[in-house]
Structure formats: C-alpha cells, structure tokens
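What follows is a set of notes on a single structure, which appears directly below.
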2 protein chains.
Amino acid sequence: MHTMTGNDAAGGGLRERKKRATRAALAEAAVRLAAEHGADQVTVEAISAAAGVSVRTFFNYFDSRDDAFVVVDADASGRVRRAFLAAPPGLPPLEALREALAAELREAERQHELWSLHARVLRSAPHLLVRNLGAQMADESGLAEAIARRIRAGDDQDAAGAPPEDDADRAAPELYPRLLAAVAGTAVRVSVQHWCERPDEVSFAGVFREVFDLLAAGLPAPAR
Amino acid sequence: MHTMTGNDAAGGGLRERKKRATRAALAEAAVRLAAEHGADQVTVEAISAAAGVSVRTFFNYFDSRDDAFVVVDADASGRVRRAFLAAPPGLPPLEALREALAAELREAERQHELWSLHARVLRSAPHLLVRNLGAQMADESGLAEAIARRIRAGDDQDAAGAPPEDDADRAAPELYPRLLAAVAGTAVRVSVQHWCERPDEVSFAGVFREVFDLLAAGLPAPAR
DNA sequence: CACAATTTTGCATGCCGTGCATTTTTGCAT
DNA sequence: ATGCAAAAATGCACGGCATGCAAAATTGTG
C-alpha cells in the first residue's frame, strides 16, 4: 500500500511505470473533460474511453468517480513535510511551515495549465472542492506529526537527555501541532480561493505572504 | 432557499413544523442506525423505514444519502452570526467570534447524547467527516460576510459618513474576513477532534480556550 | 520459450439519485 | 364545515455508480 519504492520520476519496473501512466492518463482525461463539459456531465465511461481503458479498470485506480477530479499530486504532502523538517533549526514552526509551503506552491505553478483547469473545475463544482479539501485533511495528520517531531528536536537542543519514548505517544497527538497543521492548510486554501477571484489585481505570493503575516500577528482587526 | 421566516423553535405554519419534524426524524434515524450498524451498512431504505416515510421522500429532504449523517442543526450558523454581530462593539473580531462560538457550543452540549453518537459516526467514517467539513465550509461564506459587516460598522464609529454602497461589493469579499471565518471554523474542528480523543483528561471549554489563545498569540512555538 | 504473477476486462448485481405523474395532506376562503 | 388550490408524499421507471468474480491478456523470470 505504501509504495515504498522511491516513487518520484522513474520507479524501477515497467509494471509500476505503466500503472502510474494509466493513473495519470485517467486523472488528466477526467479534468479535461470536466473543464469542457462540466464535471457532473462526465461519466466514468467517457473518462475511461478517453484514457483508453475499460470502465472496470477505472475503478481499479479510483475508489469513486470524483476521486479522479480531486487527486492531483499524491506526494506533494511528503515534499512539504520534508522541506519543513529540513528548515533551519532556529526558525519558529509557523515560519518554517510558511517557507515549506511557499516553495511547494512555487513548484506547483510550473504545470500552470493543468493547475488552472483543475482550479476552474473545483470552483464550478462545490461538491468536488469539498473532496479536495478532504484530501488536504488527510495530509493534516502526517503534517501534525512532523510538526511535533520538529518541536521535540528543538527542545532536545536545550535538554540533551532524550526522552525514552521516541514515538510512543504517536497515537495521542498534542494540541499545538494539530492546530498549526490545520490552520496552515486552511491558510493555503483561503489564499488560493482569494487569489483565484482576482487573478490580475495581486500576485499569489503576495496574498500568501499577507495571510501568514495575519496569522503570525494573531489575526488582529485590520486597520483602515 | 433562505427560509426567511424566523426558524427557531416554532416556525409559524403547521406545514413547516411537520417538514422540520420529518427532516429531524430522518437525520436522527440515520445517525442512530449508523452508530449501530456502521455508516456504510445503512441504506436509504432502512433510514426511510425507521423514520416512517418512503424512500422517495427521503430524497425530497436530502440531496444524497450522506447528507442525512452530516447535517445536525441547519440554523446553528445563523445563531452564531447573530451572536457575533450582537457582541459589544469594542471587542476585536477574533474575541467576538470566540464568544459567539463558545455560547453556541455550550448550547450544543445540551443534546449531549445525539452529539456524541454523531461524533462517533463521523470518526468511524472519514468519508462523512469530509462532508461534515463541507457543511462547515458552506457556513464560512456567510460568516465572512458578517465579519466584514462588523468591521465596517466599527469603522463607521470613527468616520460617521456612511459609504453609499451598503452591500455592493458583496460579490468580492475581502481577505481578512474570509481568513478569520475559515480559521475559526478550523479551530472549532480541531478543538472537537482533540477533545473527542481525551473525553476525561480535559474539558471541552478548556481545549477551546487554549486553541483561541494560541490563535490570538500568533501560533508561537510552545514553551516547555 | 514456458510459467507464475499481476493486470485488465466483461458480466452480473445492487444501491444511489432523479424525473414524472398520481395520490394524499395542508392551509385558506367561503 | 366544506370545497379548492398549493404543497408534500408516494410509486414507478430509468440511468449511472460501485463491487465481486472469473476469464483473458500482459509482464517479469528461469
């Protein structure tokens, strides 16, 4: 299940490469068809035909029809976690997370066309935006654990005596890591949402920076 | 769509009262059946039978089967908005929202049994938790507008000249109200989530207070 | 090339969700 | 109270979604 093999550019076997090619073809076909005809007018049969596979095969890759529209990049969350943990030790958690997210979002803007289509599909179908949000929430748990680990690592600088239980209380995550992970995800969502409505007025990086500045300041009443 | 009529305890006509009774019966039957047999084992037919209506009638009240598990109190968001707008004018937005949410959550703990069942159902079925999150997001837009209005009202104290457009730019909400609304919703979710895992260690009010204290402080790294 | 493992595919099945016409209930005016 | 119009509930039919199962096709390996 975990696809332990390094699954970035080229995973060893021809089998896995073809699997990912089929999956990507299905996802891209789904997004393009949805952008053209509207999301709810696209049947599984049409997606499968566009990708060159049978209807049954579609359900071998996605648990539901909507999943094809939602999943864009499965290992983006892993990259964010790694970048967050690799940030300079002195940085506060919120700042480290801001940098990690900003780097990932800059990277995401490379596939600008598909991203834009995807955003349009999600905006025109609130139902799918919710599912996308759900995928974001699935990452939240892993990110919260990374935050907790980074805080422990920071504390270990001061108190060298490492606690005997390394990951014993993993089943009961603390409050702060969860809150920070959840709020950061929300911040990304609001930034994208706000920026999508004004593609020309402001840059995405500017919106993103302003959002995190507001968070770091404790969400004060805006001055006019 | 807006159910303009004051829809609190007893809405005028017998019609609307019976409608809400049927809707509540369906929702409660759905939650109880899901808590007993598991959410995905409950068919629409079973829910309808338990509520004493036909299958077709079920779909007259809910757009999908899952919606029956998600919606608990349709006008909770309206109460929060009103309480938020009625808060003392001097209070900063974050504090006013904290108080409004705390009051609503205290009120929600009255139907403790159904709430607890509902929480268990949502935790056992991530799929439904996502839909619940979606319902929360639907309220987000209205709450953001209320926040924007409160801020405008606060500014009108300083500059008495009221702007000619009262709700002209409703279509283009500003960044801060949206962010605050979204983060507050996230804060509630994380509070409930965290508290549900430790029902005995801490009180819900305590978790809730700690979360908003962290937000108001700008999510600083926790001191040990 | 032969063989085992994996993937794809077709078929059957059941539930979900919607449109339409019909029947029943409700509110209101007489 | 009684008839009437609006609204809700119901039954029926239809198509898409989603899964299990077994057969056929494809890939990796000796």
Side-chain angles (χ1 to χ4, degrees), chain A residues 1-5 7 10-27 29-30 33-34 37-71 125-128 130-131 134, chain B residues 1-5 7 10-27 29-30 33-34 37-71 125-128 130-131 134:
Chain A
M1 257 345 154
H2 283 286
T3 66
M4 288 299 209
T5 67
N7 49 5
L14 198 161
R15 264 193 167 113
E16 300 197 7
R17 228 182 317 175
K18 207 173 181 185
K19 271 183 76 171
R20 273 187 306 188
T22 304
R23 184 186 185 87
L26 282 169
L33 286 173
H37 303 104
D40 50 354
Q41 296 299 322
V42 178
T43 69
V44 176
E45 190 175 350
I47 300 172
S48 307
V53 297
S54 75
V55 176
R56 190 59 185 84
T57 299
F58 175 92
F59 286 104
N60 286 342
Y61 283 92
F62 299 96
D63 284 346
S64 82
R65 164 181 153 275
D66 294 344
D67 284 345
F69 302 110
V70 169
V71 176
H127 165 26
L128 296 178
V130 168
R131 305 224 15 145
Chain B
M1 247 7 137
H2 284 286
T3 65
M4 288 297 210
T5 67
N7 47 5
L14 199 159
R15 257 188 172 119
E16 301 197 6
R17 226 179 319 171
K18 203 172 182 186
K19 272 183 77 171
R20 274 186 305 187
T22 304
R23 185 186 185 86
L26 282 170
L33 286 173
H37 303 105
D40 51 354
Q41 295 300 322
V42 179
T43 69
V44 176
E45 190 175 351
I47 299 172
S48 307
V53 297
S54 75
V55 175
R56 189 60 184 84
T57 299
F58 175 91
F59 287 105
N60 287 341
Y61 283 90
F62 299 96
D63 284 345
S64 81
R65 165 180 152 274
D66 295 345
D67 284 345
F69 303 111
V70 169
V71 177
H127 165 25
L128 296 178
V130 168
R131 310 252 329 177

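Proteins get letters first, then strands, A, B, ... in listed order; numbering begins at 1 in each.
dA29(C) is paired with dT2(D) under the criterion used here, namely a Watson-Crick or G-U wobble arrangement in which both key atom distances are under 3.5 Å.
The CD-P distance, from Glu16(B) to dA6(D), rounds to 18 Å in whole Å. Atom C1' of nucleotide dG19(C) and atom CG of Asp63(B) are separated by 14 Å, given to the nearest angstrom. Rounded to whole Å, the distance from CG on Asp66(A) to P on dC16(C) is 16 Å. If you take CZ of Phe62(B) and C1' of dC15(C), they are 18 Å apart, rounded to a whole angstrom. As a whole-Å value, the separation of Phe59(A) CZ from dT9(C) C1' is 14 Å. In this entry the distance linking CZ of Arg65(A) with C1' of dC15(C) reads 16 Å, nearest Å.
For Asn60(B), the side-chain atoms get nearest to dT10(D) when compared with the rest of dC16(C), dC17(D), dT10(D).
You'll find the side chain of Phe58(B) stays beyond 4.5 Å of the side chain of Glu45(B), heavy atoms only. When side chains are defined from C-beta on, Arg131(B) does not count as touching Val130(A), because their heavy atoms never get closer than 4.5 Å.
Regarding contacts with the backbone of dT8(C), a side-chain N or O of Tyr61(A) is found under 4.0 angstrom from either OP1 or OP2. In this structure, Thr43(A) does not reach the dG16(D) phosphate: none of its side-chain N or O atoms is under 4.0 Å from OP1 or OP2. For Ser54(B), a side-chain nitrogen or oxygen approaches OP1 or OP2 of dT10(D) to under 4.0 Å. For the pair Lys18(B) and dA8(D), the criterion of a side-chain N or O lying under 4.0 Å from OP1 or OP2 is not met.
Each of Thr57(A) and Val44(B) was matched to the nucleotide of DNA chain C holding its nearest heavy atom; the match closer to the 5' end belongs to Thr57(A). Nearer the 5' end of DNA chain D, as judged by each residue's closest nucleotide, is the contact made by Lys19(B), out of Lys19(B) and Arg56(B).
A cation-pi geometry, defined here as NZ or CZ lying under 6.0 Å from the six-membered ring centre and within 45° of its normal, holds between Arg23(B) and Phe62(B).
The line from OG1 of Thr43(B) to CZ of Arg65(B) is 8.0 Å long, rounded to the nearest 0.5 Å.
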